[in-house]
J.: 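Handing you this structure, nothing more for now.
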Amino acid sequence: MITHYADLELQTVSIQGIKQAYADSLQLPILYESSHFIRFQLTPFTTLSFKETYEAIHPVHFAIQVPYSQFISISSFIHQSGLFILKQENGQYIDETSTRKNLYFRDGDGNLLEIIAHEYIKENQVELFGQLKGMYLREIGFPVKSVPVFRDWLKSTLKMKTERDQDTFNFVIGGTAHAVVVSKERPWIPISMKALPPKMLVTLGTPNINFVKKLANTLDNNSLESDKIYFSKEGYNFCVKYSSDFEMSLLKELNLPL
Ligand SMILES: [Fe+2]
């Protein structure tokens, strides 16, 4: 099964601009850097990568889970970072219910980032670093033509799950990884941003090497390497990778609902 997002690789037209946003402003450690590629450590189990390209960028939406008890201080850090914070419809920056808080902001490329915290998630299960204190990459947005078709493919092929099925917006979940499957017609909150499908390579982690091998039999046009498999669906590039560092037991310890 899928336990987490291991890497999110996006396109950019400026590695230098990306470096200013993620290394200087958000203070994420750089793991690797070349003239056309950069990789940051985003959370203990997830890296965030950017590849320089000469084409228009479609902004992506992704959300980082942070500890509920530290949400306000992490929000202040983002306010002080100089990145552009977005207001909710009511004019407030933080949106909150009795058990969930979130805040939306943008990087220099216009990507729509979010920090989100839930009261029920147990906080002390992963070692947090830096001032962003990301626990895991929770959400990546996938605008698609048909939500049911893509959702059902994620469920049948990657064995991801839903709490309930909806037609224009659906969380499809594998451990900590939430695919936010939305209709292209449904704009992203809180700025009603057009949901253009971004070019990206999404690497999903599994602690089961046999899961990777089994996918080779079920997926069309896949490319299998020793511990990972590459394939595409709906214009999105995927990789499923065996990750021995993420223990299945962590899912229970985090108190995830699914
Ligand atoms: Fe979100």
Side-chain angles (χ1 to χ4, degrees), residues 1-9 43 45-46 60-65 100 114 116 118 120-121 135-189 195-225 227-243 246-258:
M1 72 166 289
I2 301 296
T3 48
H4 65 293
Y5 287 120
D7 181 65
L8 171 61
E9 184 187 300
T43 75
F45 300 102
T46 312
V60 66
H61 168 58
F62 63 95
I64 302 153
Q65 184 83 27
R100 187 261 304 143
E114 177 187 2
I116 186 163
H118 299 87
Y120 56 80
I121 296 288
M135 298 177 72
Y136 51 85
L137 176 57
R138 181 179 196 260
E139 300 171 13
I140 298 178
F142 295 86
V144 291
K145 194 171 163 213
S146 165
V147 169
V149 168
F150 193 66
R151 171 194 69 217
D152 292 346
W153 176 81
L154 288 171
K155 287 168 85 166
S156 62
T157 311
L158 299 183
K159 310 298 174 205
M160 293 171 80
K161 295 173 186 169
T162 52
E163 278 178 330
R164 59 178 182 274
D165 287 349
Q166 295 165 287
D167 286 351
T168 53
F169 178 99
N170 222 157
F171 281 120
V172 192
I173 304 166
T176 55
H178 291 55
V180 193
V181 181
V182 291
S183 161
K184 289 178 187 175
E185 312 299 318
R186 181 195 180 276
W188 291 113
I189 56 167
L196 293 166
K199 278 194 187 164
M200 56 186 180
L201 168 60
V202 176
T203 300
L204 296 150
T206 175
N208 183 355
I209 188 71
N210 288 324
F211 184 77
V212 176
K213 290 181 176 160
K214 273 187 196 159
L215 285 175
N217 302 323
T218 53
L219 287 163
D220 297 334
N221 298 319
N222 67 73
S223 155
L224 180 67
E225 293 177 12
D227 63 346
K228 56 189 167 188
I229 185 165
Y230 291 92
F231 49 95
S232 299
K233 187 71 179 177
E234 285 262 347
Y236 296 114
N237 295 317
F238 287 95
C239 172
V240 174
K241 186 182 167 189
Y242 168 63
S243 313
F246 194 110
E247 309 257 352
M248 277 288 278
S249 56
L250 182 57
L251 298 177
K252 253 204 183 99
E253 287 156 10
L254 285 167
N255 195 32
L256 292 156
L258 268 184

J.: Between L250 and F45, is there a side-chain heavy-atom distance shorter than 4.5 Å?
T.: yes

J.: Compare every heavy atom of S243 with every heavy atom of G205, then report the nearest pair and how far apart it is.
T.: CA-OG, 3.7 Å

J.: Between atom CD1 of I121 and atom CG of N255, what is the distance when rounded to the nearest 0.5 Å?
T.: 6.5 Å

J.: Verify, without hydrogens or angle tests, whether T46 (side chain) and Y5 (backbone) share a donor-acceptor contact under 3.5 angstrom.
T.: yes

J.: Please give me the minimum heavy-atom distance between G141 and M200, naming the atom from each residue.
T.: O-CE, 3.3 Å

J.: Do other residues, nucleotides or ligands put more than 12 heavy atoms under 6.0 Å from the CG atom of N221?
T.: no

J.: Can you see which heavy atom on P198 is nearest to which on Y236, and at what distance?
T.: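 Minimum heavy-atom contact is O-CE2, 3.3 Å.
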
J.: Below 4.5 Å, heavy atoms only, C-beta onward: do W153 and V181 meet side chain to side chain?
T.: no

J.: State whether the side chain of R151 and the backbone N or O of D167 hold a donor-acceptor pair below 3.5 Å, judged by distance alone.
T.: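 Between the backbone of D167 and the side chain of R151 there is no qualifying donor-acceptor contact (under 3.5 Å).
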
J.: Inspect the surroundings of NZ in K155 and state if more than 12 heavy atoms from other residues, nucleotides or ligands are less than 6.0 Å away.
T.: yes

J.: With rounding to the nearest 0.5 angstrom, report the SG to CG distance, C239 to N222.
T.: 11.0 Å

J.: Hey, does T203 have a side-chain heavy atom less than 4.5 Å from the side chain of L8?
T.: no

J.: Looking at CG of D7 and CG of L137, how far apart are the two atoms once the value is rounded to the nearest 0.5 Å?
T.: 9.5 Å

J.: On a heavy-atom basis, which atom in P197 and which in K184 lie closest, and how many Å separate them?
T.: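 So the minimum-distance heavy-atom pair works out to CG-CE, 3.6 Å.
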
J.: Taking the six-membered ring for Trp and the full ring for Phe, Tyr or His, determine whether the centres of F238 and F142 are under 6.0 Å apart.
T.: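 So the answer is yes for these two rings.
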
J.: Taking all non-hydrogen atoms of both residues into account, name the closest pair between L158 and F211 and its distance.
T.: O-CZ, 3.4 Å

J.: To the nearest 0.5 angstrom, please state how far the CZ atom of F171 sits from the CZ atom of R138.
T.: 5.0 Å

J.: Apply the side-chain contact (heavy atoms from CB on, under 4.5 Å) test between H178 and each candidate in Q65, E139, M160; give the one that qualifies.
T.: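 With H178 as partner, side-chain contact (heavy atoms from CB on, under 4.5 Å) holds for just one option, E139.
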
J.: Measuring from atom NZ of K159 to atom OG1 of T218, what distance do you get when rounded to the nearest 0.5 angstrom?
T.: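 Separation between the atoms: 7.5 Å.
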
J.: Sort out for me which residue in V182, N170, V172, V144 forms a side-chain contact (heavy atoms from CB on, under 4.5 Å) with F150.
T.: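 Going through the options one by one, the only one that passes is V144.
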
J.: Closest approach of L251 and M1, non-hydrogen atoms and distance?
T.: CD1-CE, 4.1 Å

J.: Under 6.0 Å between ring centres, would you say that holds for H4 and Y136?
T.: no

J.: Rounded to the nearest 0.5 Å, what's the gap from OG1 on T157 to CG on L215? Could you check?
T.: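 The CG atom of L215 is 8.0 Å from OG1 of T157, to the nearest 0.5 Å.
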
J.: Tell me whether E247 at atom CD has more than 12 heavy atoms from other residues, nucleotides or ligands lying less than 6.0 Å away.
T.: no

